[in-house]
Structures are given as structure tokens and as C-alpha cells.
Amino acid sequence: FMQLSIPMIGEAPISVSAQGDGWLEFTIRSVGKVTNVIFEKEPGDTLFLRGPYGKGWPVEQFRDKHLVVITGGTGLAPVRSMLNMLAADPGFAKSVHLISGFKNEDGIVFHSELEAWKEKFSTIYALDNDAKEGWRTGLVTTFVKEIPFDSFDGDYAVVVWVPLHDEVHGLELMNNGVDAEKVWMSFERKMSCAVGKCGHCRIDEVYVCLDGPVFPYTVPGIWWTEEGVENDESRYRH
């Protein structure tokens with residue numbers, strides 16, 4: 001992620017959703033004082049950037065594996081570059097299964113890429129409550145049971161980016177027999193300084209800005225406690 005900054009207003013940590021020679025693309029929702037001002041900017045205006053910070057998806061660990069990607073809403077943005085890479089290099093992974101859900105039709109992002117990925121991956125696209133031709137209705141957790149994990153012979157990895165209630169989706173995976181050691185999730189938490197100094201994102205000994213925001217599901221204190229009990233408090237750490 002990068003810190004997007006506007007002097008006299010503040011900073012906001014935003015994932016890079018695409019990049020190229022001399023340019024970066026961010027997918028931003030207008031949900032606070034910094035992002036609200038960003039939405040008022042015009043082409044040619046200046047934004048201040050610093051970074052990149054944190055740790056991203058361990059893509060090399062997914063090579064030659066069956067990969068399952070589960071996203072909700074704008075959580076598709078942080079995995080967009082990886083999905084485009086996998087689409088461009090079909091031999092990288094043994095297979096790719098994508099479950100992507102949105103609250104409603106108005107919330108769908110990356111329309112053209114969603115269509116293109118249907119040609120490359122095994123896809124399930126869903127809306128929480130609305131009906132749309134070619135789409136399913138229900139939360140993404142509803143469709144985890146349709147992924148053929150048994151046929152993967154344990155040679156798989158799971159990437160999850162669902163804003164809020166991440167621990168619920170992790171638990172649903174475990175309920176469907178998924179090995180927790182093969183699951184990677186992104187944890188959404190307020191990151192102010194991004195360099196481990198302010199302590200806003202600290203959870204026990206873990207600094208989300210330094211050690212994450214991508215973590216293995218097996219890291220204690222993020223989604224579960226040392227005793228192995230699902231951490232209900234984590235849903236309020238956003």
C-alpha cells in the first residue's frame with residue numbers, strides 16, 4: 001500500500017490496484033476526510049505519495065498450485081494486479097478459482113476485467129441480495145463449498161480479501177475442510193505512520209503496517225487467539 005497525502009488534511013493508506021511504466025492506479029472510495037478531498041481533485045492536480053509499505057501477497061508461493069481467490073466489494077482491487085498476471089500467464093498456477101461478491105449491482109467494479117477473467121478462470125460472481133443475469137445471489141461464504149478442494153490433493157493456496165468480518169470468512173473456510181496453513185488474508189486496520197512508530201495498528205506484538213497487511217491465517221492475535229478460539233473482537237478492529 002501507499003500513503004496518499006494532502007497537506008493540511010491528512011493521509012490515507014490505499015492499495016495499488018494497477019501499475020505500469022511511470023504510473024500507479026488506486027481504487028478509492030470516498031469515505032473520510034482525505035478520500036473526500038481526493039474526490040474533489042481534477043486531472044493535473046497534485047497528490048503526495050509515500051511508500052510502498054507493508055507486505056503483499058506471496059505470489060511465488062502460489063506457483064504451480066491450485067489457487068482460490070475470494071474477494072468482497074472493493075476488496076477486489078488489492079488482488080486485481082495478481083489476477084491480471086495470472087490471466088496473462090496461464091501456466092503460473094495449476095488452476096484459478098475466483099469468487100467475487102458485491103453488495104449490489106451499483107457496487108460492481110472492474111466490469112471489463114471480470115468478463116475477461118471468466119474466460120481464464122473458474123469464476124463465481126455474486127450479489128449479496130440483488131439478482132443479475134449470469135450472477136449468483138448470496139454472500140461469498142455461501143459458495144465456498146462449491147470449490148473442489150478435495151480434488152486439489154492438498155496442493156492449493158487460498159487468498160481472501162473481504163473488507164470487515166475477515167475472521168468470519170476464515171472460519172467458513174475451515175468449516176469446509178480448508179487447511180488454515182494454506183490461507184492468506186488481508187487485514188484492514190487504521191495505519192497512520194506506516195512505519196511502525198505510532199502504534200495505531202499494533203495488535204499485541206504485531207504491527208499491521210510492517211508485518212502485514214497480508215498475513216497467513218495461522219498468525220495468532222489477528223483472527224484467533226493463542227488458545228485457538230476465534231477472536232470475536234477482531235471484527236471491531238477497523
Side-chain angles (χ1 to χ4, degrees), residues 1-59 69-87 100-104 106-114 117 159-166 169 184-203 206-215 219 222-223 234-238:
F1 67 95
M2 301 279 287
Q3 288 279 23
L4 275 60
S5 174
I6 299 177
M8 307 299 292
I9 300 296
E11 292 185 309
I14 306 291
S15 298
V16 177
S17 59
Q19 59 184 314
D21 186 13
W23 60 271
L24 296 172
E25 182 176 305
F26 301 90
T27 302
I28 304 171
R29 291 187 300 163
S30 180
V31 293
K33 64 178 183 178
V34 177
T35 53
N36 290 346
V37 174
I38 290 175
F39 267 58
E40 297 173 358
K41 296 294 184 180
E42 299 291 339
D45 288 346
T46 298
L47 287 177
F48 291 82
L49 307 178
R50 61 181 177 95
Y53 298 110
K55 297 178 180 178
W57 308 107
V59 177
V69 181
I70 303 173
T71 72
T74 53
L76 183 58
V79 298
R80 178 189 179 198
S81 292
M82 182 175 68
L83 289 170
N84 282 331
M85 181 275 290
L86 293 166
S100 190
F102 300 90
K103 184 176 181 180
N104 50 49
D106 291 338
I108 298 173
V109 293
F110 312 130
H111 292 259
S112 60
E113 282 158 309
L114 286 169
W117 293 334
V159 165
V160 183
W161 210 122
V162 185
L164 304 179
H165 308 306
D166 283 313
H169 297 82
W184 294 83
M185 303 178 75
S186 184
F187 188 77
E188 187 179 74
R189 187 167 172 83
K190 176 64 176 176
M191 294 175 283
S192 294
C193 72
V195 293
K197 299 299 183 183
C198 72
H200 282 86
C201 70
R202 181 180 174 182
I203 303 174
V206 174
Y207 288 84
V208 175
C209 65
L210 297 179
D211 303 313
V214 172
F215 293 94
V219 174
I222 302 296
W223 295 282
S234 64
R235 72 185 62 190
Y236 302 111
R237 291 173 167 167
H238 300 278

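Numbering starts at 1 and runs along the sequence shown.
For Phe215 against Val208, the heavy-atom pair with the smallest separation is CZ-CA, 4.0 Å. Heavy-atom minimum distance, Val195 versus Cys209: N-SG, 3.8 Å. Heavy-atom minimum distance, Met82 versus Val59: SD-CG2, 4.0 Å. Contact detail for Gly73 and Phe102: the closest heavy-atom pair is O-CE2, 3.5 Å. Contact record, Ser192 with Arg50: O-NH2, 3.6 Å, taken as the closest heavy-atom pair. Among all heavy-atom pairs drawn from Trp184 and Trp57, the shortest one is O-CZ3, 3.8 Å.
The distance from the CZ atom of Phe26 to the OG atom of Ser15 is 9.0 Å, given to the nearest 0.5 Å. Note that CZ of Arg80 and CG of Leu114 are 10.0 Å apart. Values are rounded to the nearest 0.5 Å. Distance check: Asp211 CG to Arg202 CZ gives 11.0 Å after rounding to the nearest 0.5 Å.
Contact check for Thr27 versus Phe110: side-chain heavy atoms found under the 4.5 Å cut-off. A 4.5 Å side-chain heavy-atom check between Leu76 and Glu113 finds every atom pair outside the cut-off. For the pair Asn84 and Trp117, the minimum side-chain heavy-atom distance is below 4.5 Å. Counting only heavy atoms from C-beta outward, the side chains of Pro13 and Phe1 approach each other to under 4.5 Å. Counting heavy atoms from C-beta on, the side chains of Lys41 and Ile6 come closer than 4.5 Å. Side-chain contact between Leu4 and Leu49 is present, with at least one heavy-atom pair separated by less than 4.5 Å.
In Phe39, the CZ atom is crowded: over 12 heavy atoms of neighbouring residues, nucleotides or ligands sit closer than 6.0 Å.
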Thr35 and Arg29: CA distance, side-chain angles, deciding distance, side-chain contact (heavy atoms from CB on, under 4.5 Å) verdict: CA-CA 7 Å; Thr35 53; Arg29 291 187 300 163; over 6 Å; no
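Counting only distance, with no hydrogens or angles, the side chain of Thr71 and the backbone of Ser100 share no donor-acceptor pair below 3.5 Å.
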